[in-house]
Number of protein chains: 2
Amino acid sequence: MKKNELECCESTEVHEELLAQVRENLPQEEKLYDLSELFKVFGDSTRIRILFVLFEAEVCVCDLAAALGMTQSAVSHQLRILKQSKLVKSRREGKSVFYSLADSHVRTIIDQGMEHVEEE
Amino acid sequence: MKKNELECCESTEVHEELLAQVRENLPQEEKLYDLSELFKVFGDSTRIRILFVLFEAEVCVCDLAAALGMTQSAVSHQLRILKQSKLVKSRREGKSVFYSLADSHVRTIIDQGMEHVEEE
DNA sequence: CAAACATATGAATAATAGTTCATATGAAGA
DNA sequence: TCTTCATATGAACTATTATTCATATGTTTG
């Protein structure tokens with residue numbers, strides 16, 4: 001990173017200090033990437049709807065598809081993404097596969113998001 | 001929604017009840033959409049990095065661009081999105097515009113996400 | 001073991017979103 | 001007022017992603 005890039009806002013000196021401090025406290029690039037990837041999973045209304053259904057109960061794929069009015073394939077693709085992010089887990093029972101929430105962070109994150117959305 | 005869609009998993013009866021209950025407790029479609037739109041904002045590493053910089057201090061656009069090694073334009077576009085979602089606010093001081101976090105939900109949501117990502 | 005059922009998955013398509021480039025807006029100073 | 005600096009924004013391009021369709025995998029039952 002070249003120092004020249006910082007030549008902005010005229011008062012270069014002061015900002016250099018600030019930027020140095022900011023960079024120091026910034027998490028590793030990989031962590032930030034993983035974090036954004038996690039939120040990307042929440043950033044789709046189909047997956048959000050799936051999670052809300054799973055708040056209620058452990059549900060099999062075809063019921064999920066029925067509840068959401070979507071094809072089995074579309075739901076299955078999204079379940080795979082949710083599972084890869086460890087937001088849901090699955091359990092096979094005969095021909096069916098039942099999905100449920102993986103841990104409590106899911107609920108907390110969504111609740112906080114809801115609070116933000118519901119403000120004003 | 002046609003009842004025929006629910007003919008799956010053979011034991012239709014039981015699931016009908018479950019699905020009726022699930023549908024009842026599901027938030028309005030609009031709420032779910034807004035929620036996913038909010039998380040979509042968190043689901044980009046550029047915006048996550050911007051938010052982490054703002055955790056440290058109130059920063060002007062060109063310093064943000066410098067800190068992240070991005071063009072002023074790209075940062076400005078993302079700031080607009082963050083502002084529309086009310087995650088950041090801005091304040092003009094002469095030629096510069098300073099950005100800062102809008103409320104505490106931002107921090108809570110990101111912290112919970114971090115916890116999830118950092119597990120195992 | 002063959003047929004039926006539930007789910008998973010690869011490829012293709014369609015829609016969405018981020019960055020770049022050029023330029024517009026808005027403020028400060030000569 | 002004209003120039004310069006900081007930021008904002010529209011359009012084009014590129015990349016990413018969700019859904020569909022066809023089909024594969026895995027399980028139960030006759």
Side-chain angles (χ1 to χ4, degrees), chain A residues 4-12 14-15 32-33 36-51 58-85 88-100, chain B residues 4-12 14-15 32-33 36-51 58-85 88-100:
Chain A
N4 308 20
E5 289 175 358
L6 303 177
E7 283 173 10
C8 61
C9 303
E10 292 170 347
S11 56
T12 307
V14 185
H15 299 192
L32 296 175
Y33 178 78
S36 66
E37 286 299 302
L38 174 66
F39 286 122
K40 208 169 281 182
V41 176
F42 287 99
D44 175 80
S45 65
T46 294
R47 290 189 292 265
I48 285 282
R49 286 159 74 216
I50 289 176
L51 292 175
E58 189 190 45
V59 179
C60 69
V61 179
C62 80
D63 279 354
L64 265 172
L68 305 179
M70 298 182 60
T71 66
Q72 173 270 320
S73 179
V75 171
S76 195
H77 277 295
Q78 300 309 327
L79 283 170
R80 184 168 48 80
I81 292 171
L82 286 165
K83 197 174 177 184
Q84 281 171 347
S85 307
V88 306
K89 60 191 176 198
S90 65
R91 172 180 70 81
R92 180 175 274 276
E93 189 178 306
K95 285 178 285 185
S96 298
V97 176
F98 287 83
Y99 281 83
S100 58
Chain B
N4 308 19
E5 288 175 359
L6 303 178
E7 282 174 9
C8 63
C9 304
E10 291 170 347
S11 56
T12 307
V14 186
H15 299 192
L32 296 174
Y33 178 78
S36 67
E37 286 300 302
L38 173 66
F39 286 123
K40 206 169 282 182
V41 176
F42 287 99
D44 175 79
S45 65
T46 293
R47 289 189 292 263
I48 284 282
R49 286 158 74 217
I50 290 176
L51 292 175
E58 188 190 45
V59 179
C60 69
V61 179
C62 81
D63 279 354
L64 264 172
L68 305 179
M70 297 181 60
T71 66
Q72 173 269 320
S73 180
V75 171
S76 195
H77 276 296
Q78 300 310 326
L79 283 171
R80 185 168 47 80
I81 293 172
L82 287 166
K83 198 174 176 184
Q84 281 171 349
S85 308
V88 308
K89 60 190 178 201
S90 65
R91 172 179 69 82
R92 181 175 273 276
E93 188 178 307
K95 286 178 285 183
S96 298
V97 176
F98 287 84
Y99 281 82
S100 58

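Throughout, a chain's letter reflects where its sequence line sits, starting with A, and its residues are numbered from 1. Only heavy atoms go into these numbers, but all of them, side chains included; no hydrogens, no water, no symmetry mates.
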Tabulate below the donor-acceptor pairs under 3.5 Å that side-chain atoms of residues 75-82 of chain B make, not counting sequence neighbours, or state none.
{"from": "B/H77", "atom 1": "ND1", "to": "B/R80", "atom 2": "NH2", "distance (Å)": "3.4"}
{"from": "B/Q78", "atom 1": "OE1", "to": "B/R47", "atom 2": "NH1", "distance (Å)": "2.6"}

Exercise. With heavy atoms under 4.0 Å as the rule, sort B/S96 into base, sugar-phosphate or nothing.
Key: sugar-phosphate
Self-check item: Residue whose closest nucleotide on DNA chain D lies nearer the 5' end, B/V61 versus A/E93
Solution: B/V61
Quiz item: Any chance CZ of B/F98 has more than 12 other-residue heavy atoms, nucleotides or ligands included, within less than 6.0 Å?
Solution: yes
Exercise. Could you tell me how the ring of B/F42 sits relative to the ring of A/F39: parallel (under 30°), tilted (30 to 60°) or perpendicular (over 60°)?
Key: tilted
Exercise. Using a heavy-atom cut-off of under 4.0 Å over every strand shown, decide if A/F98 touches base, sugar-phosphate, or nothing.
Key: nothing
Quiz item: Going from SG on A/C60 to NZ on A/K95, what distance comes out if it is rounded to the nearest 0.5 angstrom?
Solution: 11.5 Å
Quiz item: For the atom pair CD (A/Q72) and CG (A/L64), what is the distance rounded to the nearest 0.5 Å?
Solution: 11.0 Å
Practice problem: Using whole Å, report how far CD1 of B/I50 lies from P of D/dT7. | Solution: 13 Å
Practice problem: Tell me whether the OP1 or OP2 atom of C/dA8 has a side-chain N or O from A/Y99 closer than 4.0 Å. | Solution: yes
Practice problem: For each nucleotide in nucleotides 16-22 of chain C, reading 5' to 3', give B when a protein heavy atom comes within less than 4.0 Å of its base, S when such contact involves only the sugar-phosphate, and - otherwise. | Solution: -SSSBBB
Quiz item: Out of curiosity, B/I50 CD1 to A/L32 CG, how far, rounded to the nearest 0.5 Å?
Solution: 12.0 Å
